[in-house]
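In what follows, a single structure is set out as structure tokens and then discussed.
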Amino acid sequence: MEFWTTTHGLPAAVAEAAISAEENGWDGLSVPYAPTMAPDPYVCLAAAAVATDKLKVGTWVATPASHTPASAAGSIKTVQAVAEGRAVFPIGRGDSALAYLGMAPAPLGFFEAYVSRLRNYLQNEPQAFDYDLDGGGHFPPISGIGLAQGPTDARFGLHMEKIASVPLDMVATGPRVIGIAARHADYISFAVGADPTRIAWALDKAKTERERAGVSRPVTYGAWVPVVVTDDLAAGRRMLSGSVASMARFSAMHGKTVNLSTEVDRKIYENVHDAYEMQAHFREGSPQSKQLTEDFVDRFAIIGPVEHCVSRLQALVDLGMERFIISGASVETTPDLAAASDQKFTSEVIPALR
């Protein structure tokens with residue numbers, strides 16, 4: 001069982017956060033992948049890897065927009081060399097990182113082609129040339145320049161071919177992206193909240209598609225879960241309101257709910273979509289967070305004392321979740337409560353589950 005946390009900042013700050021995360025019992029640390037909003041993730045991950053001995057490192061969450069499959073794979077494989085085998089590559093269709101480039105999430109057909117090619121690079125598998133994906137469709141084929149000899153396929157060579165493969169972790173919410181993940185990912189991380197009914201639905205979709213596609217290679221399942229450890233439920237709901245609203249929007253990215261929900265919840269997802277302001281992404285008190293009900297937050301997130309959090313997470317472990325990416329409390333208005341929650345999670349919740 002693995003527990004991942006996230007951080008952000010310049011490389012020196014990320015390195016300090018990585019040291020603290022390792023000391024406090026986290027298994028992995030992720031950093032943002034957002035070209036206009038955050039420092040280069042690969043430099044930050046390399047700094048984190050150098051500063052630690054056991055901590056895994058990865059992007060949260062990479063998108064297909066800012067790197068070709070070859071360059072994305074080359075960057076994370078370089079981190080893998082620095083980390084001596086501790087790198088993971090989480091990727092999704094894109095949200096805020098693309099919004100600030102003026103783009104919507106990647107189209108599904110393009111996304112599947114991208115991750116298929118990306119995984120081959122990550123696994124050191126040679127593949128046929130693809131001028132659209134590796135060159136953005138801007139470059140003519142090499143055959144046009146009349147070489148006496150040239151490469152015949154796309155592959156890593158020289159120093160890169162000796163680096164260990166990197167697991168592809170796909171972050172998925174709707175049934176079609178879950179299907180793509182089932183066909184191509186080494187890890188699948190569901191972003192559907194903490195309700196066991198929704199996790200079971202997503203897991204069934206993944207397993208059914210793997211069987212249909214004849215995929216037999218191993219896969220591990222995880223969940224992105226908002227958690228606050230506190231006895232003050234009202235404060236916990238408020239502290240997670242930004243995270244819950246932003247994660248809930250993934251279920252209605254284009255205005256209509258795409259996964260399992262009741263009629264009441266469907267309306268909430270779609271209200272969150274209609275009210276969404278990107279400048280308030282993941283922020284407490286945002287217009288989108290005001291569309292949530294207490295009951296919705298209590299089911300989508302995990303809020304309560306240690307015993308309650310352990311029980312809720314154990315229910316997901318029992319379904320088959322082996323990895324948790326924890327979206328913790330907002331520090332905007334109550335930094336002391338957020339710090340207390342983090343301390344209880346690492347000192348009491350994680351050990352209890354292990």
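In this chain, numbering begins with 1 at the start of the sequence shown.
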key: Heavy-atom side-chain proximity of C309 to V349 below 4.5 angstrom   = yes
ask   = With no hydrogens and no angle check, is any side-chain donor or acceptor of R312 less than 3.5 Å from a backbone partner on V227?
value = no
request  = Determine whether more than 12 heavy atoms belonging to other residues, nucleotides or ligands lie under 6.0 Å from atom NE2 of H8.
outcome  = no
ask   = Taking side chain as C-beta onward, heavy atoms only, is D186 less than 4.5 Å from V219?
value = no
inquiry  = Whether R93 engages the ring of F111 as a cation-pi pair (distance to the six-membered ring centre under 6.0 angstrom, angle to the ring normal within 45°) should be assessed.
reply    = no
query = Just by distance, do the side chain of S241 and the backbone of R238 share a donor-acceptor pair under 3.5 Å?
reply = yes
request  = Ignoring hydrogens and angles, tell me if any N or O in the side chain of S286 forms a donor-acceptor pair with the backbone of R283 under 3.5 Å.
outcome  = yes
task = Classify the ring geometry between F3 and F345 as parallel (under 30°), tilted (30 to 60°) or perpendicular (over 60°).
result = perpendicular
Heavy-atom check, side chain of V225 versus side chain of L316, under 4.5 Å = yes
Pairs satisfying salt bridge (charged side-chain N to carboxylate O under 4.0 Å, His left out), at least one member in residues 15-35, at least two apart = D27-R354
message = Determine whether S243 and S327 satisfy the following criterion, side-chain hydrogen bond (donor to acceptor under 3.5 Å, both in side chains), listing intermediate values before the conclusion.
response = CA-CA 7 Å; S243 292; S327 180; 3.1 Å; yes
ask   = Yes or no on side-chain contact (heavy atoms from CB on, under 4.5 Å) for R249 and Q288, after CA distance, side-chain angles and deciding distance?
value = CA-CA 9 Å; R249 174 173 159 269; Q288 51 265 28; over 6 Å; no
inquiry  = Checking the side chain of R210 only, and the main-chain atoms of R217 only, is there a donor and an acceptor separated by less than 3.5 Å?
reply    = yes
task = Go through the steps to decide whether L108 and V177 satisfy the test side-chain contact (heavy atoms from CB on, under 4.5 Å), and finish with yes or no.
result = CA-CA 7 Å; L108 290 167; V177 176; 3.6 Å; yes
query = Checking side-chain hydrogen bond (donor to acceptor under 3.5 Å, both in side chains) against R237, which of T230, T293, D298, D232 comes through?
reply = D298
query = Has the side chain of S341 got a donor or acceptor atom that lies under 3.5 Å from a matching backbone atom of L337?
reply = no
ask   = Is there a side-chain contact between T257 and H273, using heavy atoms and a 4.5 Å cut-off?
value = no
query = So, S311 side chain and H308 main chain: donor-acceptor pair closer than 3.5 Å or not?
reply = no
ask   = Can the ring centres of W60 and F89 be said to be less than 6.0 Å apart?
value = no
ask   = Could you give all pairs that pass the ring pair (Phe, Tyr, Trp, His ring centres under 6.0 Å) test and reach residues 122-156, with sequence neighbours left out?
value = Y121-F156
task = May I have the step-by-step check of side-chain hydrogen bond (donor to acceptor under 3.5 Å, both in side chains) for T68 and D134, ending in yes or no?
result = CA-CA 5 Å; T68 66; D134 281 334; 4.5 Å; no
inquiry  = With a 4.5 Å cut-off on side-chain heavy atoms, are V88 and V57 touching?
reply    = no
Heavy-atom side-chain contact between R86 and T52 under 4.5 Å = yes
query = So, the side chain of D204 versus the backbone of A200: is there a donor-acceptor pair under 3.5 Å, distance only?
reply = no
message = Ring-plane angle category for F296 and Y269, please: parallel below 30°, perpendicular beyond 60°, tilted otherwise.
response = perpendicular
Worked check of side-chain contact (heavy atoms from CB on, under 4.5 Å) between M37 and S96 = CA-CA 9 Å; M37 298 186 294; S96 59; 3.9 Å; yes
task = Check whether any side-chain heavy atom of N124 lies under 4.5 Å from a side-chain heavy atom of E161, and answer yes or no.
result = no
ask   = Name the one of R323, E2, E322 that satisfies side-chain hydrogen bond (donor to acceptor under 3.5 Å, both in side chains) with T220?
value = R323
inquiry  = Do T346 and D342 pair up side chain to side chain, a donor and an acceptor below 3.5 Å, judged on atom types alone?
reply    = no
key: Any D169 side-chain heavy atom under 4.5 Å of I188 side chain   = no
ask   = After noting the C-alpha distance and the side-chain angles of S116 and N120, does the key distance pass the side-chain hydrogen bond (donor to acceptor under 3.5 Å, both in side chains) rule?
value = CA-CA 7 Å; S116 174; N120 286 342; 4.7 Å; no
note = H67 meets the ring-ring contact (aromatic ring centres under 6.0 Å, His included) criterion, sequence neighbours left out, with Y33, Y42
inquiry  = Please verify the inter-ring angle class for Y221 with F190; under 30° counts as parallel, over 60° as perpendicular, anything in between as tilted.
reply    = parallel
Shared hydrophobic cluster for I325 and V310 (ILVMFWY, side-chain gaps under 4.5 Å) = no
key: Point-to-point distance, once rounded to the nearest 0.5 Å, from CD1 of I268 to OG of S251   = 12.0 Å
message = Has T173 got a side-chain atom pairing as donor or acceptor with A191's backbone, closer than 3.5 angstrom?
response = yes
remark   = Interatomic distance, CG@L118 vs CG@L133, rounded to 0.5 Å, equals 10.5 Å
query = Aromatic rings F110 and Y114: how do their planes relate, parallel, tilted or perpendicular, breaks at 30° and 60°?
reply = tilted
ask   = Are the side chain of R119 and the backbone of H184 linked by a donor-acceptor contact shorter than 3.5 Å?
value = yes
inquiry  = Apply side-chain contact (heavy atoms from CB on, under 4.5 Å) to residues K205 and L203 and explain how you reach the verdict.
reply    = CA-CA 5 Å; K205 291 289 182 185; L203 186 61; over 6 Å; no
